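Okay, so here's the structure we're looking at.
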Amino acid sequence: MTFHHNSHETFRKLWAFTGPGFLMSIAYLDPGNIESDLQSGAIAGFKLLWVLLVATIIGLLLQRLAARLGVVTGMHLAEVCNRHYPTVPRIILWLMVELAIIGSDMQEVIGCAIAFNLLSVGRIPLWAGVLITIFDTFVFLFLDKYGLRKLEAFFGFLITIMALSFGYEYVRVAPDQVEVLKGMFVPYCSGCGAAQLEQAVGIVGAVIMPHNIYLHSALVKSRDINRGNKKEVKEANKYYFIESSIALFISFLINVFVVAVFAEAFYGKTNMEVGQKCNESGSPHSDLFPANNQTLEVDIYKGGVVLGCFFGPAALYIWAVGILAAGQSSTMTGTYSGQFVMEGFLNLRWSRFARVLLTRSIAILPTLLVAVFEDVQHLTGMNDFLNVLQSMQLPFALIPILTFTSLTSLMNDFANGLMWKISGGLLILGVCAINIYFVVVYVFALNNTILYVFSAILSFAYLSFILYLMWHCLIALGVSCLDFRGSVRYPPAVLVDEQPELDS
């Protein structure tokens, strides 16, 4: 067997399996992510790049579990949950995932509105930008009619735009390469305080998206695999993993571009310095920066403005185009995962059109209100809140995926081995602990007694539901002494061979 023939064959197969991973990796590039990237660059310089790397690797491992579940059982995560959990937990789970989707959709609306505002030099006010985003969803639905491969190609194109846009900023700012590598591989943060810690947690919360795991387990079903044939299933798992790795590597690079640009140009700068520079370059936005000696606070909007001040208007426009592409992409993931989740949990088959209208209208209302009555500052502040909201939803995707990929009755020979069970369990515990810390910090910053009481009640309910999921999970991992009444009997898997109707 010649290597050359083999490699050609391998490549052809990989190409056939290429698509789901790239659609999934888009969620690693949404505006919420870009925002947490640029803030971590401005607040901590290059020192938090390793957190980004670790978060992406964790993301990849979780996506691997999701893809395996879809390939081996032929059902996506929501369908499996539907089959295995009783009614009440099922409905709670569904609501939580919907919340995460709406949150991500809001971030997308905010990102697009800000991009339109920057591109039109402020001529398109924010509320108009929010309304424009209603139309871009129709563009997506229009593409959707042309079949899945076209859609996958379109998102490949969007990722390319982002790579070029943020890559241009990277080359233009030319960060110190040695510093970049040091930040990426030295897991240490010298002289870091609470702000940096919070930023690090924010990165993890922004990178790992809850609904993405539901999405990926459904997308892999778009390729025909004979599930009775073990060799084919094994092969599909292998190629999907390679493809996800490539896709996430690319999204990681784009994230690094953003962090590095802001770390190089704006780490440790004060409002005064930036304000002066903006006045000199005649930027119309110089009133954004109060004349004080505090460290610069950036967000997607100010980030673009500052780039424009320091590196010329081209940098500003190219930045806005990148943000626009980032926004478009997350519409798609939200719509798709929303549809799969709804079908899986509730057995409701809605058209994609109705789905988009529903999520988008729920997402647009609050965003519109903030856009009309407040200013850009509040809009981007909303982004931080939404990152917290999404990181709170994480356990509701992570615990079920570990539970079901560990069940031998579901996954047969493809169930998680002991290594995976232990590391997966620890990983999920870690991620959940990080996120709970994040929420606590956020709530304490609110300084409001009524909110404290409210959040105490909420967190009690939240934690008890998580404990319930963990109880199920531990039984699945093989801690049988927890199965008090023998009540948690998982029915043996039924191998389904139906295809999801992706092109209907």
Side-chain angles (χ1 to χ4, degrees), residues 58-59 61-63 65-66 68-70 73 75-101 103 204-205 208-217 337 340-342 344-346 388-411 415-416 420-439 457-491 493:
I58 293 176
L61 298 180
L62 293 168
Q63 299 295 351
L65 291 182
R68 284 173 76 96
L69 182 73
T73 62
M75 295 184 287
H76 55 76
L77 183 54
E79 288 172 322
V80 180
C81 287
N82 188 3
R83 204 162 278 208
H84 288 288
Y85 288 125
T87 319
V88 178
R90 205 164 71 210
I91 290 175
I92 300 179
L93 263 180
W94 171 69
L95 282 173
M96 289 299 147
V97 183
E98 287 290 351
L99 250 183
I101 291 171
V204 177
I208 304 170
M209 300 284 254
H211 54 279
N212 217 22
I213 291 171
Y214 287 89
L215 177 74
H216 197 190
S217 65
S337 39
F340 292 132
V341 166
M342 214 165 184
F345 279 121
L346 307 183
V388 177
L389 178 78
Q390 278 169 351
S391 58
M392 278 189 72
Q393 309 304 334
L394 267 175
F396 306 124
L398 303 192
I399 300 174
I401 195 76
L402 185 67
T403 308
F404 298 133
T405 47
S406 302
L407 277 180
T408 335
S409 63
L410 248 189
M411 302 284 283
N416 294 333
W420 268 96
K421 284 181 181 173
I422 293 173
S423 53
L426 288 175
L427 217 153
I428 286 171
L429 267 178
V431 170
C432 293
I434 284 178
N435 285 315
I436 287 168
Y437 166 80
F438 196 38
V439 173
I457 297 168
L458 267 185
S459 36
F460 177 70
Y462 175 77
L463 286 174
S464 42
F465 187 55
I466 288 183
L467 286 174
Y468 170 82
L469 290 178
M470 282 192 160
W471 171 58
H472 269 260
C473 187
L474 286 170
I475 292 169
L477 291 177
V479 190
S480 47
C481 56
L482 282 176
D483 198 351
F484 309 122
R485 312 187 292 279
S487 58
V488 192
R489 270 194 226 90
Y490 288 106

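What you see is a predicted model, and the numbers here were worked out from it, not measured in a lab.
Rounded to the nearest 0.5 angstrom, Ile428 CD1 and Ile401 CD1 are separated by 9.0 Å. Between Leu407 atom CG and Cys473 atom SG the span is 9.0 Å, to the nearest 0.5 Å. How far CG of Leu93 is from CZ of Phe465: 4.0 Å, rounded to the nearest 0.5 Å. The CG atom of Leu402 sits 11.5 Å away from the CG atom of Leu469 when rounded to the nearest 0.5 Å. We find the CG-OG1 distance between Leu474 and Thr403 to be 8.5 Å, quoted to the nearest 0.5 Å. Interatomic distance, CZ of Phe396 versus CD1 of Ile213, reported as 13.0 Å (0.5 Å rounding).
Within the 4.5 Å cutoff, no side-chain heavy atoms of His472 are placed close to those of Ile399. Residues Ile58 and Leu62 are in side-chain contact: their nearest non-hydrogen atoms beyond the backbone lie under 4.5 Å apart. Proximity of Ile101 to Ser337: side-chain heavy atoms (C-beta onward) are separated by under 4.5 Å at one or more points. In this structure, the side chains of Leu65 and Trp420 come closer than 4.5 Å at one or more pairs of heavy atoms. Thr73 is listed as a side-chain neighbour of Met411, based on a closest heavy-atom distance under 4.5 Å. At a threshold of 4.5 Å between non-hydrogen side-chain atoms, the residues Pro395 and Tyr462 count as touching. Using a 4.5 Å heavy-atom threshold, the side chains of Leu398 and Leu427 count as separate.
Checked against side chain to side chain contact (heavy atoms under 4.5 Å, CB included), Ile422 has the following partners two or more places apart in sequence or in another chain: Leu418, Leu426. For His211, the side-chain hydrogen bond (donor to acceptor under 3.5 Å, both in side chains) criterion is met by no residue, not counting sequence neighbours.
Applying the salt bridge (Lys or Arg N to Asp or Glu O under 4.0 Å) rule to pairs touching residues 90-101 yields Glu98-Arg355, sequence neighbours excluded.
Of the residues listed (Phe404, Phe345, Trp94), the one engaging Tyr85 in a ring-ring contact (aromatic ring centres under 6.0 Å, His included) is Phe404, and it is the only one. Each of His84, His76, Arg83 was evaluated against Val80; a single residue qualifies, His84, per the side-chain contact (heavy atoms from CB on, under 4.5 Å) test.
Note: Trp471 and Tyr468 have tilted aromatic rings, judged against thresholds of 30 and 60 degrees for the angle between ring planes.
Heavy atoms only, all atoms of each residue included: Cys81 and Tyr214 are closest at SG-OH, 4.4 Å. Nearest heavy-atom pair across Pro89 and Pro86 is CD-O, 3.3 Å. Closest non-hydrogen pair, Pro210 versus Ala100, comes out as CG-CB, 3.7 Å.
Between the side chain of Asn416 and the main chain of Lys421, no donor-acceptor pair closer than 3.5 Å is present.
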